[in-house]
Enquirer: 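Okay, here's the structure, questions in a sec.
One-based numbering, in listed order, for ligands and for the atoms of each. In this text the structure is predicted, and so the values were computed from the model without any measurement. If you read the sequence from its start, that first residue is 1, and numbering goes on from there.
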Amino acid sequence: MVEHMKWWGWGRESVSFSHGDKPELAPFIRTHIGLDITRPPAQAPAFADLDVAEPTLPEPLRAALVEAVGAEHVHTDTLDRVIHAYGKSLRDLVRIRNQDLGRLPDVVVYPGDEDAVRAVLTAALDADAVVIPFGGGTNISGSLEAPRDEIRPVISVDLGRLDRVLDVDTDARLARVQAGALGPHLEEQLGAQGWTLGHFPDSFSHSTLGGWIATRSSGMQSDKYGDIAEITRAVRVVTPAGVLVTRPVPSQSTGPSVREMVLGSEGRLGIITEATVQVHRVPEERVILGYFFPTWDDALVAMREIAESEAQVTVTRVSDANETRFSFATRKKGSLASGLVSSGMKQYLRRVRKWDLEQMCLSFIGFEGSAGHVRAQRKLVGEIVGRHGGLCVGTGPGQLYDQKKFDTPYIRDFLLGQGAVADVSETATSWSTLAPLYRGVVARANKAFEEIGVKGWIMCHLSHSYHSGACLYFTFAYATPITLDAIVGYDTVKSAIQQGFIDLAGTLSHHHAVGVEHASWLADDISPAGVSLLTALFDGVDPGRNLNPGKIIPAGSPPALSPAFVAHAVETAVIDAVVDAGVVDQAAGTEAEFGAAEIAAARVVKAEAVEPAVVEARVSTESPAEPAASAEPSEAAGGVGAAAAAGRAAG
Ligand SMILES: Cc1cc2nc3c(=O)[nH]c(=O)nc-3n(C[C@H](O)[C@H](O)[C@H](O)COP(=O)(O)OP(=O)(O)OC[C@H]3O[C@@H](n4cnc5c(N)ncnc54)[C@H](O)[C@@H]3O)c2cc1C
């Protein structure tokens, strides 16, 4: 029996967030977003109230699926279909609370081995059905939903029965693990043999190895263990062309990495059934220490110096002043951390250290290994922290963070019930652009709050440090009625933040994938030529677009590299803000930044778009020297993405 989360929210039915034991939280939330969380919450939606369309499953397809996995593993019941409809993004949670179920899968199948997965895929392709692999359903990028207008049968393939560690090669320190293994079950099996994967995303309890690989996930201890992209050394994937198998060698020179193509593929290349992953001996000692820094700027420099130093840490995480204050507000009465900022400590920091406590930042740094190793690393880190005005506050806050990190996700449902949205957006950027990106994104979010007329809150932490940079993880919240209209306001804030990432030298996501929610920034991030390459890859593997269509690349995109694709890319990128002579500033700014020739070319194509045949002819025949030639994929790279960016920024 495969276990699932609540159909309407995060986690187990029996667990929910409560503020009762956190006396400072209600006043904090009232002050900062004007919401009274002591009021009785809205009831969770009732399953019986859902209006669920009947599944469309042609009999020959049903028979083939039964043949593939066995009748008891083919489910068309309403609950199973609803559970497999969405992930757990804020948009998903709001839609489901408002009974907007989107395009439900018609059937959910639970294959028990790779042969069954192959048989399911064959049956699906024969019937021209859509196949959506399902891990734990925790993604927050819209990576699971079928396109709303999908008319073909939709099959959700739940990998939950493929949940075993198959073997551990103790010399190579590699384990073969089935893709449907959930975090806790995977660690339990490895732990029984003295090993750990070391991959602990905050969604660990409910996400799977296959999902981590398909979204390029990153865990809290990535500083030591690496992101899933490094941890995964080889994959087995059932594709329309057969089973794709890569070798678990430490490195190879075999053309573009096929393993890397599978990483982050969100089900568009096939169904991952198994992976070979790096494992490590369970460390002798594991400790997370808390540190305070006087300011965010001091903390950022310290994090960079730790990354540059010889210190080998497992976690580097520091909260900005807002997130630090929020952390203090969620302290439990009588907890380890409740005395953390005692009045004595406050006085010391204020009077002796001359800190402005409103600017103080809380950091966690993790250490693992032998006792001697941990001691040496702590010393190294302590020196760096000290140089930047920080001080160690012991293991209390770290232990608390470690204990409660998997419970924190329940807070989103709690806030939705109280009438507030809370969500996250994260990026990665280099050490040199981190501070300006942070400031710019906070400013844009605050402007977006103003635009939609709410009292908003934004906070951030740095985590996942690398040689050249780190991840910045923003959380924002504000009070609003939780109707479907809430998504409109939410989109304004979320888009402002995402656009900030792109404009300020970040990436659209460090570890939350593209899905449908981030797809409109992809051309800006990887260039239109990059999008074209991915489209060619997906279309080459899956010409019928049966595999999780619409994720990463939007569903309606014409085939890659065709004249129609080029025309489409240009048309959709030329936003009214650019062509509308009334919006002079926007157009002028865009022109200055991205080049008059590209904008002129875009205008020509846009003007002719009413006559698609003319556009197509022009795109395929114009000489490269002519303005319209910048509609060619390679030439148009800056123009298309830039014009799209200008349009979104204007919107
Ligand atoms: C509260 C919360 C906290 C989170 N914290 C983190 C975090 O710390 N780090 C992080 O990286 N992410 C985090 N996430 C995001 C999410 O957990 C990750 O994206 C995770 O990797 C998804 O795994 P899953 O098994 O739930 O996949 P699903 O949500 O089931 O699927 C995600 C995508 O992968 C595809 N897929 C799943 N399994 C397979 C397979 N076997 N073969 C092919 N394709 C497959 C699906 O089709 C879909 O496109 C968080 C999400 C939430 C809600």
Enquirer: Below 30° counts as parallel, above 60° as perpendicular, anything between as tilted: where do the rings of H511 and Y473 land?
Expert: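 Rings of H511 and Y473: parallel, as their planes differ by under 30°.
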Enquirer: Please determine whether the number of non-hydrogen atoms from other residues, nucleotides or ligands lying under 6.0 Å from atom CZ of R216 exceeds 12.
Expert: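 Atom CZ in R216 is crowded, with more than 12 foreign heavy atoms closer than 6.0 Å.
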Enquirer: Walk me through it: do H464 and S218 pass the test side-chain hydrogen bond (donor to acceptor under 3.5 Å, both in side chains)?
Expert: CA-CA 8 Å; H464 312 286; S218 182; 3.0 Å; yes
Enquirer: Could you tell me, for ligand 1, which of its N or O atoms are under 3.5 Å from any protein N or O, listing the pairs and their distances rounded to 0.1 Å?
Expert:
unit_1	atom_1	unit_2	atom_2	d
ligand 1	8 (O)	D202	N	2.8
ligand 1	9 (N)	S218	O	2.8
ligand 1	11 (O)	S217	OG	2.8
ligand 1	11 (O)	S218	N	2.9
ligand 1	11 (O)	S218	O	3.4
ligand 1	11 (O)	H511	O	3.4
ligand 1	17 (O)	T138	OG1	2.6
ligand 1	17 (O)	S203	OG	2.6
ligand 1	19 (O)	T215	OG1	3.3
ligand 1	21 (O)	G211	O	3.3
ligand 1	21 (O)	T215	OG1	2.8
ligand 1	25 (O)	G136	N	2.9
ligand 1	25 (O)	T208	N	2.8
ligand 1	25 (O)	T208	OG1	2.7
ligand 1	26 (O)	G136	N	3.3
ligand 1	26 (O)	G137	N	3.2
ligand 1	26 (O)	T138	N	2.8
ligand 1	26 (O)	T138	OG1	2.6
ligand 1	29 (O)	T138	N	3.1
ligand 1	29 (O)	N139	N	3.0
ligand 1	29 (O)	N139	ND2	2.9
ligand 1	30 (O)	G135	N	2.8
ligand 1	30 (O)	G136	N	3.2
ligand 1	30 (O)	G137	N	2.8
ligand 1	41 (N)	I272	O	2.9
ligand 1	42 (N)	I272	N	2.8
ligand 1	47 (O)	P133	O	2.6
ligand 1	47 (O)	N548	ND2	3.4
ligand 1	49 (O)	S143	O	2.8
ligand 1	49 (O)	E266	O	3.3
ligand 1	49 (O)	N548	ND2	3.2

Enquirer: Just so I know, are the side chains of L121 and V157 near enough to count as touching, which here means a heavy-atom distance under 4.5 Å?
Expert: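 A side-chain contact is absent here, since even the closest heavy-atom pair is not under 4.5 Å.
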Enquirer: May I have all residue pairs that pass salt bridge (charged side-chain N to carboxylate O under 4.0 Å, His left out) and include part of residues 5-16, sequence neighbours excluded?
Expert: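 The answer is E3-R12.
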Enquirer: Does any N or O in the side chain of T232 come within less than 3.5 Å of the main-chain N or O of A229, such that one atom is a donor and the other an acceptor?
Expert: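 No.
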